[in-house]
Structures are given as structure tokens and as C-alpha cells.
Amino acid sequence: MTGSFFRSRSAWAIAGLIVLFLFPVFFDRFYVYLTAIILLTGLCATSLNFVLGYGGVFQFHHAVFYGVGAYGTALMILKSGLSPWLGFIVGPVVAAVLGLIIGLICIRLSKLYFGMLQISLGSLVWAIVYRWYSFTGGDDGIHGVPLPDIISSPNGAYYFTLIVTSASMFVLYRMLKSPFGSALQGIRDNPVRSEMIGVNVRLQQLLALTIAGFFGGVAGALFVVVDNTVFPDMMFWTLSMELVIMCLLGGWLSYLGPMVGAAVIVLLRTYVSGITVYWALVLGIIMMLVIFFLPNGVLGYLDRFLKKKARAR
Amino acid sequence: MENLFGFISPGILSQILVGLSRTVILFIVSSGLSLILGVLRIPNVAHGSLYMIGAFMAYSVSHLFGGGTAGFWIALILAPLGVAALSFLAERSLFQFLYEREHLMLLLLTFALSLVFGDLVKLVWGAEYRSVPVPFIFQGYINLFGGLPFPIYSFFLLIMGPVIAILLWLLTNKTKIGKISRAAAVDREMVGAVGINVSWVFGIVFIIGCSLAGLGGVLVAPTVSVTLGMDHTLIMEAFLIVIMGGLGNVWGALLGALIFGLTQSLGILIWPQFGIVFPYLAVVVVLIFRPTGILRSTW
Amino acid sequence: MLEVTSLSKSFDGFKAVNNAGLIVKNGETVAVIGPNGAGKTTLFNLITGVIRPDSGKVLFKGEDITGLKPYQVCRRGISRSFQVVNVFPRLSVFENVQVSVLSRQKKTWNLFTPSSRLAIAETDRILENVGLSDVRDNTSTALSHGERKVLEIAIALGGNPEFLILDEPTAGMSPEETSRCIDLIRQLKEKLGITILFCEHDMEIVFSISDRIMVMVRGSTIIEGTCDEVRCCQEVQDAYLGGSDVCLM
Amino acid sequence: AANTIKVGIVDTYTGPATTFTNDVLDGFKLAVERINAGGGILGKKIEYTFRDEKFKPDIGLAMAKELILKEKVDILMGTINSATTLAISDFVKKEKVPFFVTFAKSEKIVGEKGHRYIFNMNEHTEMAGRAAAIALAKKPYVKYWIAGDDYEYGHAIADAVWSNLKKIKPSVQKVGETWWKVGEADFTPYITQILAAKPDFIIVATGGSGMVNFQKAAKATGLSQKVPFYQHTATELSVLAPQGPNAPEGVYGTANYFFYYPDTPENRAFVADFKKAYNRNPRIGALYGYMTAQFIAAGYKKAGAIDREKLVNALEGMSLDSPVGNLEIRKCDHQLLIPMYFGVTKKDPKYDFLIAGNIEVIQGKDYVPSCQEVLKLRKK
Amino acid sequence: MLDVNGIDTYYGLSHILFDVSLNVKAGEVVGLLGRNGAGKSTTMKSIMGVVPPRRGTVSLNGKDITGQKPFISFRQGIGYVPDDRRVFADLCVDDNLEIVYRRSKDWTKDRVYGIFPALKEIRSRRAGHLSGGEQQMLTIARALMGSPELLLLDEPTEGLAPLIVRDLEQQILKLKDAGISILLSEQNVRSALKMITRAYVIDNGRIRFEGTVGELEANEDVKKKYLMI
Ligand SMILES: Nc1ncnc2c1ncn2[C@@H]1O[C@H](COP(=O)(O)OP(=O)(O)OP(=O)(O)O)[C@@H](O)[C@H]1O
Ligand SMILES: Nc1ncnc2c1ncn2[C@@H]1O[C@H](COP(=O)(O)OP(=O)(O)OP(=O)(O)O)[C@@H](O)[C@H]1O
Ligand SMILES: [Mg+2]
Ligand SMILES: [Mg+2]
């Protein structure tokens with residue numbers, strides 16, 4: 001039974017990928033761009049959820065890793081003179097290292113304290129980027145990052161984003177289903193007990209934070225590919241809040257929840273803002289409705305709904 | 001180096017005094033946040049919006065009463081009441097049903113609320129900057145150490161801070177409602193089962209906390225321009241202050257505000273280039289040495 | 001196997017454990033009894049590293065394990081269950097135990113093999129042993145109180161311990177479940193040769209399965225001895241049993 | 001879209017910046033209504049659509065892309081956020097869509113990062129600095145203190161004023177600097193610090209709501225009576241009006257526009273129109289928005305076709321009459337040359353708020369960086 | 001005084017109580033016996049209003065109290081001692097007693113400490129740090145502070161040392177003498193039988209037996225089938 005279930009799940013994944021691959025053939029450039037943004041934002045939110053939803057760590061300043069990944073990539077391309085492809089590795093790696101460092105400092109703290117200390121540290125990083133004009137371009141950011149030819153066209157950027165995102169999503173998924181992932185979820189639910197069964201809670205969480213930082217960085221690097229620019233707002237705390245909201249809105253206990261949340265937010269922003277400047281108001285109201293009626297997020301609701309149906313059958 | 005001596009000599013004392021008066025508003029707002037966080041466990045992001053609304057209400061009220069001194073005093077009473085009414089509405093229609101939810105969900109809800117409030121303020125008051133004049137008796141300044149000016153209004157603030165701190169401490173530690181709310185923070189259902197109408201207790205605490213945000217807004221109004229977005233910077237600072245001091249601890253909020261305010265003003269004097277990082281550094285240092293804040297938290 | 005010497009711990013000046021001593025030999029089953037608040041749970045917490053002692057020593061198999069982190073203690077072969085049910089609420093019964101097994105096998109650093117292929121046989125065997133096979137796929141919150149208590153033990157067994165600490169394993173169980181639980185503990189002792197340290201307020205159980213008993217009062221050991229020694233000792237009667245009929249049993 | 005010319009506007013309509021951007025939008029609307037009422041351009045009406053980017057560059061850029069790729073706008077306009085502007089600029093360069101910058105102040109926009117499709121309809125920081133320096137050089141002050149918002153705009157303005165002042169009048173000295181974080185609410189401690197150093201004059205480089213906040217603090221501490229200071233846009237209506245009669249007197253400032261100055265029939269007419277439409281006095285942004293529409297209309301007319309390339313060509317070097325006199329879009333860098341008014345705040349019985357007095361006019365060509373300078377920047 | 005009439009209670013979709021009826025008369029100690037998961041706690045919660053029943057009625061002194069909020073039930077004289085010791089961890093013992101809603105001055109702190117002298121010694125300690133048994137005493141003490149007419153005791157002896165259990169048995173009898181009616185749920189039948197006058201046996205959410213202690217002692221069938229003794 002599990003076999004057929006798994007098969008159907010991979011079947012769905014493959015079908016989804018095919019649709020996404022064919023997307024540029026049928027749709028206008030703008031929609032391709034929008035999809036790329038959703039994918040990379042969703043990847044960023046998923047990497048956050050790796051520690052937030054599955055690790056129970058209040059990672060409140062995930063945008064730092066997104067931003068650092070982007071800056072790392074952009075600066076590497078602009079300043080090093082080495083192959084731009086190297087930038088796509090350096091950015092995420094720098095983000096991962098930063099994730100480890102910030103993690104080391106914060107890890108002793110619990111919940112809200114963790115989150116707030118992380119916001120402080122993240123804000124320090126942000127302040128440095130914001131103020132270090134000569135290197136980072138200050139609050140104006142860096143614009144017009146040159147890219148290798150094959151990914152500089154809109155479609156090239158889209159396919160690159162699609163491939164990297166799906167690969168990352170797959171890797172993250174495998175990690176969650178691995179013993180490491182089980183231990184991580186155990187820690188989320190009951191850290192004391194986890195320690196009592198021989199899990200080195202801190203170390204386990206640190207690794208998770210590093211991984212999350214890495215994939216946050218990957219998303220940042222993809223942003224450089226899609227939008228060719230970086231700016232300090234990418235690591236401002238408001239964006240981090242938005243990422244948390246994507247996780248919660250989509251469903252932070254389901255794997256694709258954050259991706260769905262990202263899609264919801266990006267689409268709302270795009271379409272509602274075309275109708276009214278009061279789109280924050282609309283977004284706020286929609287969020288409240290979700291909280292009231294879908295307490296487990298959009299996907300959490302669907303999950304439950306489907307399960308209930310399956311049971312009824 | 002030159003800079004360093006430059007600021008020590010002509011009255012660092014007055015500098016500190018000024019620094020203190022500015023922490024008062026931070027304190028008042030964060031103490032409300034701390035109360036709500038400590039008792040109701042709601043990380044209330046909309047707290048900043050209520051502060052902004054308090055300031056706008058202060059503008060409207062003082063304007064309505066001729067913009068003079070009388071207007072300010074009436075605003076000092078009416079605006080926090082207005083904010084209280086608004087929070088009462090929010091509590092009864094929203095929060096009331098959600099206390100049992102995950103903290104993160106409440107964070108999401110309050111964030112949504114702050115978005116709504118932000119746009120509502122724009123709808124009601126428009127985009128113009130607003131200004132509330134300093135009440136007449138507090139206008140002007142006196143000369144302190146070495147002829148440096150100190151606004152009289154700041155004296156007023158300096159007195160308000162401790163008064164509010166003591167009142168709040170009495171409320172949480174000495175009154176029954178304070179004790180009930182501390183108990184309810186941990187086990188709401190059981191508090192109900194010993195004959196207490198928890199729903200109202202929570203409502204009252206929420207309203208008190210929120211009106212403190214409103215009060216902060218009124219008090220700040222005469223010193224700044226009342227604008228959209230003034231909630232934004234404040235809320236993050238308030239959260240950091242609360243965390244630094246220890247969640248739910250009134251004195252912690254006071255201490256946190258002091259540290260935050262002083263590192264902010266002194267930090268910029270020491271290293272102008274990266275002045276903005278000092279308060280954050282203070283938070284980092286504090287939390288590294290005291291992972292649950294300086295004073296005991298109720299969490 | 002386990003040797004606790006003059007262990008002390010105080011909270012805000014209150015001595016919860018005061019100079020407690022205890023020796024458990026290989027293969028023994030030792031009970032700790034004592035009035036409420038005597039410090040039994042605290043003693044267990046000190047041994048397993050959940051809290052650090054103020055002074056004193058814990059030796060396990062001749063090695064000093066005082067002040068080690070819980071996970072380090074666990075890796076040396078000590079597992080425990082908790083007085084208040086303490087399981088992983090969002091995981092299924094199977095996963096609850098599996099995590100424990102995986103952790104013992106040091107597989108929690110394995111990032112890529114799906115858990116669903118690992119440690120299945122062993123986990124199922126443990127579930128079988130404790131009689132939870134039927135509810136294997138339920139989430140742990142859907143279990144009855146008694147079942148959850150058993151799951152507690154199963155998780156501890158996942159660590160394949162040489163030494164097992166049980167904190168009131170049968171509290172809140174019905175007579176029926178209690179007798180099953182006692183059987184289980186006997187099995188662990190006899191079939192698997194696990195050394196067991198437990199505390200319990202039900203004297204019938206204490207006297208029926210333990211080899212030796214340690215009596216704790218106000219944080220200190222007042223007597224340590226065989227069932228018979230303890231049973232009718234006057235101090236124990238006064239401090240704990242209160243002249244109940246156990247002496248006659 | 002065949003029968004209309006579509007203009008897309010991306011700007012911040014959230015937070016303190018709204019007070020400026022609303023005027024840009026309203027000024028633009030006013031002009032568009034007139035143009036459309038007069039039969040449009042080449043028989044086509046102007047249609048516009050606007051987006052609130054909430055002062056976030058990523059959102060702003062996404063919105064610009066949406067407007068260009070999905071809404072297929074002919075022209076893009078905005079924004080008050082320099083980072084957004086620069087990000088969009090890079091994109092419009094690739095897409096070859098003309099982009100009119102209406103409030104962002106970064107010098108990079110037409111300087112280092114300038115290109116064929118970008119037009120700057122307001123002064124940038126270097127220009128503001130030069131204009132102030134020209135006027136300040138004539139004053140007797142020697143010991144200067146520099147203070148400001150700790151972000152690009154603050155530093156850029158301060159640097160621009162200071163470096164130009166130093167060039168024009170080498171005898172000036174800087175006795176110290178103070179930087180505070182953006183959004184700082186209470187300036188009293190900084191003012192105490194500055195006063196302790198006893199400078200002759202202070203250059204205050206704040207933006208947005210910081211302008212009002214600083215002036216309030218200056219009034220409360222008596223700073224404005226002790227040491228004169230300069231703020232770019234200090235004399236602007238959006239800064240002075242909210243403070244009513246309580247604003248400090250004697251503050252120096254520069255601004256491109258006042259509804260009461262120049263007191264010409266053109267300006268009076270513009271003010272009357274604006275007031276009729278929106279029931280308030282126009283502020284600086286209104287002029288930028290209004291003139292942007294005018295230039296777009298005139299540009300298309302001159303080009304004779306709805307064609308982006310032709311429009312750009314037509315606009316280069318074009319000049320138009322405006323409420324503040326004849327304005328030219330310079331060919332070399334697409335910078336609008338607009339006069340700057342240096343003045344000082346004073347009370348006026350006609351208004352219940354302060355206005356600018358002793359106005360000194362500095363003509364656009366006098367305070368704009370030369371074409372050589374710009375080209376040198378662009379080559380970098 | 002307490003009449004429970006045919007209640008059905010659910011947790012979400014799962015139907016737990018089926019047509020449960022029972023009554024407690026003034027001054028009685030009534031036992032509610034049954035094995036784990038039989039529905040004892042749920043019955044108590046239904047009476048208190050923590051988990052309102054979907055069908056049937058609960059009335060106190062002839063007044064319908066079905067499904068009303070727990071705090072109102074408490075104010076009308078029902079004291080509730082839950083099985084999972086829910087002391088107010090953050091408050092000290094004294095404050096735990098102080099915040100209770102007081103119907104009358106019948107029960108003072110001193111009187112309560114008279115019943116549980118052990119508590120008096122630790123009156124200023126944080127409740128969250130008390131041992132299991134101490135917490136159990138505290139919850140009973142807390143319920144008494146509201147001067148209840150009826151006490152719902154849910155497995156009060158769980159986790160208590162034999163000495164304390166015996167003490168508690170005495171105390172409960174004392175409470176009975178003081179005129180408080182008690183509904184007592186117990187696993188520990190032997191202990192329960194010392195206190196109660198009548199008993200209900202519940203299994204799988206249904207009342208299976210009702211009668212005096214004597215009748216229960218005599219009914220080997222019920223004892224074997226539902227109580228495992
Ligand atoms: N973290 C703590 N802070 C303060 N006091 C504590 C703490 N933990 C335990 N105590 C106190 O230490 C004493 C011993 O508690 P412990 O839980 O070990 O008792 P116990 O013997 O397990 O009792 P029981 O049989 O009732 O479970 C109690 O009086 C308790 O109040
Ligand atoms: N919150 C809940 N949600 C769903 N089911 C529940 C919940 N609480 C209890 N149950 C179920 O309701 C049934 C009756 O539980 P209840 O707690 O009333 O039993 P009990 O007789 O008090 O048992 P015990 O002696 O173990 O306390 C059990 O099968 C239990 O699993
Ligand atoms: Mg214990
Ligand atoms: Mg029960």
C-alpha cells in the first residue's frame with residue numbers, strides 16, 4: 001500500500017514538473033517570470049520551514065540567508081572575476097556558514113528568545129550590508145548583475161530556477177524523511193525526551209540551521225538570476241516575517257505548504273495591487289479568514305480534507 | 001579620539017538625562033507589549049499600529065479642542081481610551097476565540113491586523129504628516145549643565161515613566177487580577193474551573209496593554225511628526241526591549257528600554273558610522289549572557 | 001553497575017535531594033520508594049543528566065557520569081521513562097519508538113536514506129514485546145493513558161538499554177493494565193537481563209518485583225535493603241507506609 | 001491599448017513617503033485630465049495605472065515587470081525609493097521602455113547608472129548639494145557641523161553640500177558629524193551633543209518625516225535660535241504645514257517649488273487648478289507629476305508617433321513652460337533642469353503656517369553637474 | 001442534589017459517553033468506578049461543563065446547568081479536581097488558593113491548611129516545582145476554597161504515597177462530615193470502597209452498575225467484569 005502511495009506521489013511530482021517545464025511554451029513572459037518568483041520564494045519559505053515547521057525553531061530572520069546568498073552570488077560575479085557559476089555556489093555556502101554562526105550563538109535560547117536574538121543578529125548583518133557602501137552598494141543595492149549567457153534570457157533564468165528549485169525541494173524532502181528528519185521532528189515535539197533517547201539536540205538543530213541557511217542562500221542566488229539585482233531590503237526583518245507568514249498560511253506542517261503560501265502571497269500581491277492600493281488591507285483580511293477557518297493553513301486543510309475523504313471511502 | 005573627548009567634556013550627564021527621557025516612551029509601549037506577551041502569550045505585532053493610532057487620535061482630539069494645551073490634556077485621556085475601545089473590539093471579535101492557538105498563529109493574526117490597521121489609518125487620516133503642538137506649560141527648555149538645553153516636555157516624560165512602571169507592577173503582582181492572569185497564562189481552562197471568568201480577565205489585560213501603546217502614541221506625538229509607518233520601527237524595538245528585559249516583567253521592560261535607549265544615543269556618539277548596530281549588539285550581549293532576559297520572565 | 005554517592009541538589013535553598021546514596025548491581029531490580037516530594041523524580045533526573053547535581057557522584061559501570069548531558073548518559077546505556085507521560089505527540093506510535101532506535105544506532109546524521117526503510121524489524125519487535133503492535137500506526141495522542149505509559153517504556157527500550165529507569169510506570173493504570181505492565185517489567189528483567197531502577201507508590205508492585213528497595217525521605221536515603229528488611233522497618237512505617245497492612249503480606 | 005497611451009506608475013503609497021507621492025500622482029492626474037480633455041495626444045487618450053510598492057524594491061521591480069510585460073504600458077513612471085528606481089532602471093534599459101523618475105534622489109540614476117531610457121524629473125542629491133553650497137558660500141559661517149540620517153540619501157546630501165561648499169569656499173571647517181538611524185523619532189540628545197561643540201552652522205541631512213521631527217526638536221531645545229541650520233526641503237510645504245505656527249523660524253532650506261513662489265500668473269493658475277481638483281495646495285511632488293505628463297504629451301507630439309524610440313529622441317533637449325518658468329530636459333543625461341529656491345523659514349500673516357522668505361533663485365544649469373562630469377561617471 | 005440525566009458526550013467525532021445517568025444526594029460520597037478509558041473523567045468534565053454534553057441534562061439542586069461555562073458551575077458550588085493536577089505553576093501555593101472565586105467565607109486558607117498541614121509548610125513555594133503528591137493536595141485544597149457543595153474528585157489518590165492516601169481518605173470522610181457531597185472517580189477500588197456509600201460502575205461510556213457498596217461487594221460478576229478484582 002505504501003508503495004502505490006509513494007508511486008502516486010512521485011507521479012504527481014513528475015506531472016507537476018512537466019507542466020512547469022512546458023509553461024514558457026504556452027504562457028506569456030510575465031507569467032513565466034511570476035512563476036519563477038513563486039518558485040524561488042517558495043524554496044526560500046520551504047527552507048525556512050525546514051527548521052520552523054519541522055524543527056520547531058523560531059527562525060525569525062531567515063531573510064538574512066536569502067539576502068546573503070544573493071549578495072554572495074552577486075558580489076562574487078561582480079568582484080572576483082572568476083566564473084560566474086562559482087558565484088552560485090559561493091553565495092549559498094556563505095549563507096550556510098552564516099546560518100551555522102548565527103545558530104551557534106542562538107541555539108541555547110528557546111522559542112521567542114531564539115527568534116528575537118536572531119532578529120538582532122540578522123539586523124547586524126543587515127546594518128553592515130546597508131552601511132558598507134564601498135563593498136555592497138549600501139542601501140541602493142547592486143543592479144544589473146551580469147549573468148552567464150544561457151541563463152540571462154527570461155526563459156533561461158526560468159529553467160535554471162525551475163531545475164535548481166526542484167532539485168533543492170527534492171533534497172530537502174529526502175532529508176526530512178531521513179533519520180535526521182525524524183530526529184528533527186522529534187526534537188520539535190519534545191526536546192527533553194529527544195535528549196533522553198540519546199539525540200544531541202543542539203548539534204542536530206545546528207545542522208538543520210546550516211542546511212536551512214544553505215537553501216535560503218540558494219533561493220537568494222536564484223533571485224539574482226531572475227531579477228539581476230540585490231538590495232539590503234532582501235535581508236530586512238519585514239521580509240523574514242513575510243516568509244514566516246508564507247509557511248503558516250500555506251500550512252507549516254505539510255511539506256508543500258510554504259510553497260503554496262508563497263504562491264498565495266505573490267499572486268495576491270500581484271493581482272490585488274492591480275485593483276487597489278489598499279492591498280495590504282485585503283491581504284490582512286484574507287490572512288485573518290485563513291486563521292479562523294483553516295487553522296492548519298491552506299494545504300493543511302486540503303491534507304485533512306483528503307484524508308477524511310479517503311477514510312470515508 | 002577627538003570625538004570621544006568632544007562628548008565627554010560638555011556634560012555627558014545632560015546627554016544621559018536626555019537619553020533617559022526618550023526611553024520613557026519606549027518603555028510605556030513595550031510594557032504594554034510585555035503584559036500582553038506575558039499573560040496572553042500573544043506576540044502582538046499590531047501593538048505598533050495601536051501606538052500609531054494613538055498618536056493620530058491625539059492629533060484629532062487636540063485639533064478638535066483647538067490645538068492648545070487643553071487639547072493635549074484631553075487627548076491624553078481620550079486617545080488611550082479610543083485605543084482601548086478599538087482593542088476591545090479586536091479582542092472580542094478576534095482574539096477571544098484564538099487564545100488556545102499556537103503562538104506563531106497569533107503572530108500571524110496580529111501581523112494581519114497590523115496590515116489592516118495600517119491601511120485603515122491611511123483611509124481615515126490620509127497621508128499627510130500631522131503634528132501635535134507641545135502643550136503650552138511644557139513649551140521651551142531650561143538650561144542644564146553648562147548651558148545645554150533640556151526640553152521641559154522631557155521632564156514631564158521622565159516623571160511619567162516611573163509612575164506607569166509602579167502602577168503596572170502593582171497591577172500584576174499585587175492585585176488579584178494580576179495573579180489570575182498569571183495563572184491563566186499557563187492554564188486557562190483550569191482557571192475557569194475555579195470560578196473565574198477568564199475571558200474577561202484576558203480581555204481586560206489585553207485592553208490595558210493596548211491602551212499603553214495608545215498612551216505612548218499620545219506622549220510621543222508632541223515631539224515628532226505623526227506619520228504613517230511610525231509603527232514600523234517602533235514595534236521591532238519594543239519586541240527587542242521586552243525580550244531583553246524578560247517576557248512579562250514590568251521592570252524588565254523598563255530596564256530593557258533603558259539599555260536600548262542609552263546604547264542607541266551613546267552608540268552613535270562613539271561610532272557614528274555604525275551607530276545603528278549598537279542597540280542590536282546590546283540585545284545580543286544581553287541574551288548571550290542571560291538567555292531568558294535580564295529579569296525573570298513569566299514564560 | 002550504578003553507584004550513586006552523596007548526591008545533593010537544592011532548588012532556591014530547598015534541599016530536594018540531600019546526600020542520597022544508592023547502589024544497583026548488575027541484573028538487579030531496585031525500587032525507590034518514599035513519600036511525595038521525597039526527591040525520587042529529582043534523583044532520577046540527576047542520574048540521567050536532566051539536571052546537574054550540586055555535589056556528589058554518579059558512577060555507571062565504574063565510570064563517572066556525573067553532570068553529563070542526557071544524550072551522553074543515554075549513549076552509555078541508560079534509558080528512562082517519565083512520571084508524566086512524555087512522548088512525541090505528533091509522531092505515530094511506530095515513529096516514536098523508531099526515532100529512539102535510530103538514535104541508538106547513531107543514524108540521526110544520516111541525511112539521505114528514507115527512515116521508512118530503517119530499523120523496522122527492531123522497532124516492530126519492541127512494539128510486539130510491549131504489546132503495542134495493534135496501535136502501531138495511531139498517533140500517540142490517540143492512545144489511552146495506560147497505552148501511553150507503555151509507549152513511554154517502549155521508547156526507553158528503543159535505546160536498547162542495559163539500565164532502565166522507570167518513574168512510576170503504573171501510575172494511573174487500571175488493575176488489568178497494571179498487571180500487564182508488571183509482566184512486561186518481569187520479562188525485561190528475566191529475558192533481556194536489563195537492570196531496572198524504578199519508583200512506585202503501589203506497594204504490591206514494589207514488593208512483587210523488586211530485589212531490593214531504597215527508601216527516600218526528604219531527599220535522603222534512610223534505608224536500603226531487601227523487601228523484607230524494608231517492609232517492617234519502623235522508620236519506613238512511620239514515614240511512608242503509615243502502618244498499612246503490607247507488613248503482614 | 002491601440003487607442004490609448006498607457007502610463008504605468010510604481011510608487012510608494014504606504015508609510016511616510018505617501019505624503020510626497022500622493023502629490024506626484026495628483027499632479028500627474030491633473031495634467032492628464034487636461035490633456036485628455038483637449039483631445040489627447042495624436043488622437044489618443046492617456047491612460048494610467050498605478051501600483052503601491054510599499055517601499056520595497058523587490059515588490060517594486062515585480063510590479064514594474066508586471067506593468068511592462070502584462071499591462072504593456074508605453075511608459076513607466078515612479079518612484080520615491082532609489083533602490084527600486086535603480087532596479088527598475090536596469091530592467092527598462094533592457095526592455096527599452098522610457099522611465100520617468102519622479103522623486104528618487106540618488107545621483108546614480110542619471111549618473112553612473114544612467115542610460116537612454118531614463119529621465120530624471122527632479123533634482124538629485126548632488127544637485128541639491130551644489131545649490132545649497134552656492135547659497136551657503138555667501139554666508140559668513142565657518143565652523144560647520146554635519147548631521148543626518150544614516151542612509152544613502154542622508155550621506156549623499158551631506159557629502160554633496162560639504163564637498164561643494166569646500167570647493168567654493170575653502171575656508172570652511174568641519175567640526176564634527178552626527179548620524180542617526182533612519183526613522184529616528186527624538187533628536188534632543190543629538191542636538192545637545194551638537195550644541196556642546198558650538199558650531200556656527202549645521203548641515204542637517206534628513207529626509208521624509210525626519211524633517212519635521214528635527215524641526216520640532218530644534219524648536220523644543222531652542223536650537224533654531226542658537227545655531228542656524230540648513231535642511232534640503234526644510235522650507236517645503238509638506239514639512240512646514242503640519243507644524244502650523246509652531247515651526248521654528250530661521251531655518252534655511254532649498255526646494256524646487258512653492259505654491260506661493262514664483263508669484264507668476266502661470267503658477268497662480270496651476271495652484272488654482274490644483275486646489276479646485278484636490279482642495280489643497282500643491283506641493284513639490286505635484287509639479288514633478290504635472291510636468292512629467294506635460295513632457296510626455298509634448299514629446300509624443302513632437303515625435304509624431306506613439307513610438308518609444310522617437311519619444312526618447314524627441315524629449316532630448318526639449319524645453320517646456322511650467323509654473324516655475326521654462327524647463328529643459330538636458331540631452332546628455334536626461335536630467336530636468338529646474339530652478340532651486342534657497343530660502344529661510346519665516347512667519348507670514350497670510351498663512352497659519354510658516355513659509356520661505358528671502359528666496360534666492362539658483363537656475364538649473366548653474367547647479368547641475370556638467371555633461372562631462374556625468375559622462376565620466378557613466379564610463380566608470 | 002446533582003442529577004445527571006442521560007448525557008451523551010463527544011470529543012470531536014468520537015462518541016465517548018452514552019446515555020449516562022447518575023445522581024448524588026446531599027452529604028453522600030458516590031463512587032464512579034471503572035477501568036482506564038471507561039469515561040470517568042469525561043463524565044466529570046461533562047458535569048463541570050468543560051466538555052459540554054450533546055444530549056441529556058445535568059442539574060444541580062434542581063437547576064439546569066447543562067453545558068454552562070465551568071466558571072459558572074464553580075460559582076454555583078461545584079468544585080472540580082482534575083486527574084492531571086493542574087496547579088497554577090507560576091504562582092506560589094498561597095496565591096494558588098487566593099485567586100479562587102470565593103462563594104462564601106466558609107472555607108478560609110487556614111481551614112484548608114488545617115486539612116493539609118503539609119501545604120502550609122510549602123506555602124510560599126512555586127506550585128510548578130512541587131512534587132506530584134504535593135500538587136495533588138494543592139488541587140483539592142484549591143477546590144475547597146470555593147466552598148463547594150459538591151466536589152468532583154477525579155482520581156485523587158493517583159501517585160500518592162500510601163501514607164498520604166490514608167490521610168486523604170480520612171480527609172475526604174471529614175469533608176463528607178462537613179456536609180460536602182462528593183463524586184469520586186477511582187481506579188483504586190479498594191481505597192474507594194473505604195470512602196463511598198454508593199457506587200456507579202462505568203465501562204465504555206455506559207453505566208453498567210448502580211448500587212450501594214454492599215451490593216457492589218456482593219456482585220462478583222460486575223467486580224470481575226468491569227473492575228478486574
Ligand atoms: N525545579 C524545581 N524547583 C524547585 N523545587 C523543585 C524542583 N523540582 C522539584 N522540586 C521540589 O523537590 C521536591 C522533590 O520533588 P520530586 O519530584 O523529586 O518528588 P518525588 O519524590 O518524585 O515525589 P512524587 O512521588 O510525588 O512524584 C519537591 O518538594 C519539589 O517541590
Ligand atoms: N481530548 C480527548 N480527545 C479525544 N478522545 C479523548 C480525549 N480525552 C479522552 N478521550 C478518550 O475518551 C475515552 C474516555 O476517557 P476518560 O478520560 O473519560 O477515561 P477515564 O475513565 O477517566 O480513564 P482513566 O482512568 O485512564 O483516567 C478514552 O477512550 C479516551 O481515549
Ligand atoms: Mg515523582
Ligand atoms: Mg481519568
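Per chain, numbering begins at 1; letters A, B, ... match sequence-line order.
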For this session: List for me each residue that meets salt bridge (Lys or Arg N to Asp or Glu O under 4.0 Å) alongside D/K105, sequence neighbours excluded, and say none if there are none.
Result: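 D/K105 satisfies salt bridge (Lys or Arg N to Asp or Glu O under 4.0 Å) with D/E123 only.
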For this session: Could you tell me whether a side-chain N or O of B/Y129 sits under 3.5 Å from a main-chain N or O of D/V239, the two making a donor and an acceptor?
Result: no
Exercise. Distance-only, no hydrogens or angles: does the D/N213 side chain make a donor-acceptor pair with backbone N or O of B/S225 under 3.5 Å?
Worked result: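 It does hold such a pair.
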Exercise. Among D/S209, D/A17, D/A217, which residue forms the greatest number of heavy-atom pairs with chain B at distances under 4.5 Å?
Worked result: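 Counting heavy-atom pairs under 4.5 Å, the top option is D/S209.
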Exercise. Who among D/N22, D/I191, D/D23, D/V212 has the most heavy-atom pairs with chain B under 4.5 Å?
Worked result: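 Highest number of heavy-atom pairs under 4.5 Å: D/V212.
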Taking all non-hydrogen atoms of both residues into account, name the closest pair between [X] and [Y] and its distance.
X      : Y      : answer
B/G229 : D/P16  : CA-CD, 4.0 Å
D/P242 : B/S131 : O-CB, 3.0 Å
D/T19  : B/A127 : CB-O, 3.3 Å

Exercise. What distance separates D/L223 CG from B/Y141 OH, expressed to the nearest 0.5 Å?
Worked result: 9.5 Å
For this session: Would you kindly say whether B/T223 and D/K216 are connected by a side-chain donor-acceptor distance under 3.5 Å?
Result: no
For this session: Give, as side chain, backbone, both or neither, the part of B/E128 having an atom under 4.5 angstrom from any heavy atom of chain D.
Result: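 Interface part for B/E128: both.
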Measure distances from [X] to the heavy atoms of chain B and classify the residue's part below 4.5 Å as side chain, backbone, both or neither.
X      : answer
D/T14  : both
D/F20  : side chain
D/T221 : both

